[in-house]
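One structure is given below, encoded as structure tokens.
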Amino acid sequence: MRVTKALLPTLRDVPAEAEIISHQLLVKAGFIRKSAAGIYSYLPLALRVLKKIETIVREEMDRSEAQELLLPIIQPAELWAESGRWDVYGDEMFRLKDRHDRDFCLGPTHEEIITDVVRGEVKSYKQLPLNLYQIQNKYRDERRPRFGLMRGREFIMKDAYSFDRDFAGLDVSYQTMYDAYSRIFGRMGLNFRAVEADSGAIGGDDTHEFMVLAENGEATIAYCEKCSYASNVEITECITPEREISESKELEKVSTPDKKTIEEVAEFLKVSGDNTIKTLVFKADEKIIVVVIRGDRSLNEIKLKRVLKTDILEKAEEEEIKELFNCEPGYISPIGLKDITIYADNELKYMNDGVCGANEEGYHYLHADVNRDFGKVEFYDLREVNEGDSCPKCGGNLVFAKGIEVGQVFKLGTKYSEKLNAKYLDENGKEQIMVMGCYGIGVSRTMAACVEQNYDEKGIIWPKNIAPYQVVVVPVQVNDEVQFQEAEKLYSALLSEGFEAVLDDRKERIGVKFNDADLIGYPLRITVGKKIAEGIVEFKARNNSESEDLNINEVISKVKEFYLNE
RNA sequence: CGGGGCGUAGCGCAGUUUGGUAGCGCACAUGGUUUGGGACCAUGGGGUCGGGGGUUCGAAUCCCUCCGCCCCGACCA
């Protein structure tokens with residue numbers, strides 16, 4: 001591509017709205033332009049990167065014997081009613097009507113459609129297993145789109161769905177995809193980790209997220225320094241070692257005027273935070289529940305949701321708390337609650353000298369013994385993990401890192417096949433329900449994640465396998481016949497060798513061209529300047545601050561070496 | 001959805017408090033001088049000041065209303 005013929009709209013300033021580095025650089029370097037909140041045009045440079053990402057994805061999916069198809073974006077409401085998700089999905093779904101007033105949506109995901117296709121075509125165990133995938137736009141009317149391509153309302157996703165005869169088959173399909181994903185992100189040159197995760201509203205049991213490690217990541221992952229354990233902190237199991245406890249003392253009510261928060265109470269009573277008990281009140285599916293946890297810990301709501309097996313969990317209103325306890329929220333107590341199950345964090349099993357509310361304004365109890373005083377208590381792992389906690393696998397030290405989720409693999413089981421009646425006949429002619437898995441990769445997000453991980457103060461540094469072009473040829477002095485002709489010749493030679501080359505033939509000063517090249521992030525730059533008189537050009541890799549002089553005849557082999565040496 | 005902020009040329013911003021009919025830098029066009037890391041000089045094009053309504057002789061500026069965008073939070077296959 002000649003720059004004079006291309007749309008490469010680099011900017012000197014960045015729009016004020018771009019907050020994170022990938023958004024800033026992708027806009028500044030001329031890759032994307034916004035059309036509405038969370039909705040972007042992919043300009044030619046971005047499209048080239050996306051296609052490379054897609055190519056790697058396709059190669060690895062095909063190698064895993066998955067088959068590509070293309071499902072509709074516009075989907076009928078009836079299918080979503082069948083799975084029950086038409087009502088569940090809520091405002092996040094883009095909904096529309098056709099001229100006959102029939103309901104449709106823009107697909108936020110494709111479980112329903114694919115299951116519909118498969119149930120219509122697959123009738124026998126001989127047709128299984130099956131893994132089908134597509135690369136296509138998804139639509140989710142996010143409450144808050146943000147961070148450019150990171151959380152858009154329209155985005156590109158590769159989604160795959162596996163159909164197996166049974167759970168053993170699913171395990172195989174799942175592992176195949178897990179391995180494929182590891183190869184995919186590895187080939188893209190990304191520093192990533194697969195972590196155990198929560199399956200959220202999509203349901204299912206086992207699930208791993210593939211996280212690109214980057215400062216701006218929305219997710220926090222905990223990984224072990226000693227073993228291979230890694231998980232999203234949303235689900236990281238907290239280990240509570242057994243311990244001896246001393247003899248319990250008598251419960252004692254003490255005055256704590258105007259001390260409502262744990263910090264205030266602990267300071268006032270001169271006890272440490274690990275001897276306090278926090279009482280929280282939630283509504284789960286409209287039912288009031290009470291949770292207790294050590295005062296210096298945080299509750300992990302996802303763990304609580306899993307224990308309660310509910311999707312909807314909200315904090316109780318202040319009024320509801322007052323009604324239930326007949327007391328101000330700062331002093332409510334788990335002691336004296338009748339007929340209400342108290343969900344306690346495991347740590348409280350060993351708490352027999354705790355401070356907790358006395359259910360009376362201005363008073364707390366001392367020496368509370370959870371097992372003795374708390375009525376109906378059930379213990380679960382409910383607290384949030386902290387950096388430095390013990391690894392649940394090997395006891396090693398857990399450390400935290402920020403990650404961007406670029407892929408997730410799920411074992412769905414029969415959640416959708418059951419609702420949508422996706423069945424087959426086994427060898428005995430007996431009807432069986434298909435067992436499903438689903439596997440997503442955020443293609444457009446992966447491009448942004450890649451920038452988050454590969455940049456410097458000059459611009460983007462694309463990994464060689466997904467760079468929009470492989471090499472840029474820069475004549476220093478376009479008016480100089482020799483320089484320009486030699487640059488042209490080199491450019492043509494690179495093209496005929498099959499390289500994706502750019503010729504910066506603009507009548508710009510060299511500084512402008514260099515800055516654009518660095519900003520856009522071509523992995524290689526070849527500068528044709530004065531020394532061309534002696535047949536010398538300058539060869540520079542974007543990720544290396546040193547350049548080297550080369551005889552022009554050596555350039556092709558040097559470029560080959562750079563790209564084939566892996 | 002709650003809290004905060006913003007909307008003036010393609011981008012970054014000033015002008016709004018105190019109403020008088022729009023300006024700066026970059027980018028863009030033309031000419032000239034330059035030429036190895038975002039040059040300089042000269043000339044020029046480009047704006048219904050987010051939309052609508054109102055107050056006023058007169059509104060970017062004051063009032064009402066709607067819309068859009070960003071940040072924090074809640075939420076997030």
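Keep in mind that the numbers below use all heavy atoms, side chains included, and drop hydrogens, waters and symmetry copies. In what follows, every chain begins at residue 1, and chains take the letters A, B, ... in the order their sequences are listed.
Taking A:Asp549 as the reference, A:Lys531 meet the side-chain hydrogen bond (donor to acceptor under 3.5 Å, both in side chains) condition, with sequence neighbours excluded.
For the C1' atoms, the distance linking B:rG50 with B:rC6 amounts to 11 Å, nearest Å. As rounded to the nearest Å, B:rG73 and B:rG23 have C1' atoms that lie 39 Å from one another. B:rG44 and B:rC49 are spaced 25 Å apart, taking the P atom of each and rounding to whole Å. Nucleotides B:rA22 and B:rG15 place their C1' atoms 8 Å apart, quoted to the nearest Å. Look at the P atom in both B:rA27 and B:rC11: the space between them is 15 Å, to the nearest Å. As rounded to the nearest Å, B:rU16 and B:rC72 have C1' atoms that lie 27 Å from one another. B:rG4 and B:rG51 have their C1' atoms separated by 24 Å, given to the nearest Å.
A:Asp91 comes within contact range of no nucleotide atom at all, as no heavy-atom separation falls under 4.0 Å. Among the protein residues, A:Gln477 comes within range of the nucleic acid bases, having at least one heavy atom under 4.0 Å from a base atom. In this structure, A:Lys458 reaches the bases: a heavy-atom distance under 4.0 Å links it to at least one base atom across the strands shown. Contacts of A:Ala18 with the nucleic acid, taken as non-hydrogen atoms under 4.0 Å apart, are absent. At the heavy-atom level, A:Asp159 lies nowhere under 4.0 Å from the strands shown. Within the nucleic acid shown, A:Arg525 comes within 4.0 Å of at least one base atom, counting heavy atoms only.
Computed from coordinates, the A:Met150 CE to B:rC71 C1' distance equals 16 Å when rounded to whole Å. If you measure from atom CG of A:Asp13 to atom C1' of B:rG10, you get 11 Å, rounded to the nearest angstrom. One can place CZ of A:Arg542 at 17 Å from P of B:rG37, the figure rounded to the nearest angstrom. Rounded to a whole Å, the CG atom of A:Leu8 is 17 Å from the C1' atom of B:rG10. Distance A:Lys507 NZ to B:rU33 P: 15 Å, rounded to the nearest Å. Atom C1' of nucleotide B:rC69 and atom CZ of A:Arg143 are separated by 20 Å, given to the nearest angstrom. Put simply, CG on A:Leu7 is 17 Å from P on B:rG10, counting in whole angstrom units. When rounded to the nearest whole Å, the span between CD1 of A:Ile20 and C1' of B:rC72 equals 15 Å.
Within a 6.0 Å sphere centred on OH of A:Tyr469, heavy atoms belonging to other residues, nucleotides or ligands number more than 12.
Taking only side-chain atoms of A:Glu301, from C-beta outward, the nucleotide of B:rG37, B:rC75, B:rC11 with the closest atom is B:rC75. Picking from B:rC70, B:rC71, B:rG12 the nucleotide with the shortest atom distance to the side chain of A:Phe147 gives B:rC71. For A:Phe514, whose side chain is taken as the heavy atoms from C-beta onward, the closest listed nucleotide among B:rA74, B:rG36, B:rG25 is B:rG36. Of the candidate nucleotides B:rA39, B:rC28, B:rG12, B:rC28 has the atom nearest to the side chain of A:Glu508. The side chain of A:Arg146 lies closest to B:rG73, out of B:rC70, B:rG73, B:rG12. Side-chain proximity of A:Val512 to the nucleotides B:rA39, B:rC71, B:rC76 is greatest for B:rA39. Looking at the side chain of A:Glu92, the nearest of the listed nucleotides B:rC76, B:rC70, B:rC71 is B:rC76. You'll find that the side chain of A:Glu17 is closest to B:rC70, out of B:rC70, B:rG38, B:rC13.
Note: A:Met434 CE to A:Asn421 CG = 10.0 Å, rounded to the nearest 0.5 Å. The CG atom of A:Asp164 lies 5.5 Å from the OG atom of A:Ser162; values are rounded to the nearest 0.5 Å. Atom CE in A:Met93 sits 10.5 Å away from atom CG in A:Asp103 (nearest 0.5 Å).
With hydrogens and angles left out, the side chain of A:Arg151 and the base of B:rC76 share a donor-acceptor pair within 3.5 Å. A donor-acceptor contact under 3.5 Å links the side chain of A:Glu538 to the base of B:rG36.
A donor-acceptor contact shorter than 3.5 Å links the side chain of A:Asp505 to the backbone of A:Thr4.
Near RNA chain B, meaning a heavy atom under 4.0 Å away, there are no residues from residues 444-457 of chain A.
Taking the ring centre of A:Phe514 as origin, the terminal cationic atom of A:Arg525 falls inside the region bounded by 6.0 Å and 45° from the ring axis. Geometrically, A:Lys138 does not engage A:Phe155 in a cation-pi contact, judged by NZ or CZ lying under 6.0 Å from the ring centre and within 45° of the ring axis.
Here A:Lys513 does not reach the OP1 or OP2 of B:rG36: none of its side-chain N or O atoms lies under 4.0 Å away. Residue A:Arg12 has no polar side-chain atom (N or O) positioned under 4.0 Å from OP1 or OP2 of B:rC11. Using a 4.0 Å cut-off, some side-chain N or O of A:Arg144 falls inside it from OP1 or OP2 of B:rC71.
With contacts defined as side-chain heavy-atom distances shorter than 4.5 Å, the pair A:Leu299/A:Arg383 does not qualify.
Taking the six-membered ring wherever Trp is involved, the centroid distance between the rings of A:His110 and A:Tyr161 does not fall below 6.0 Å.
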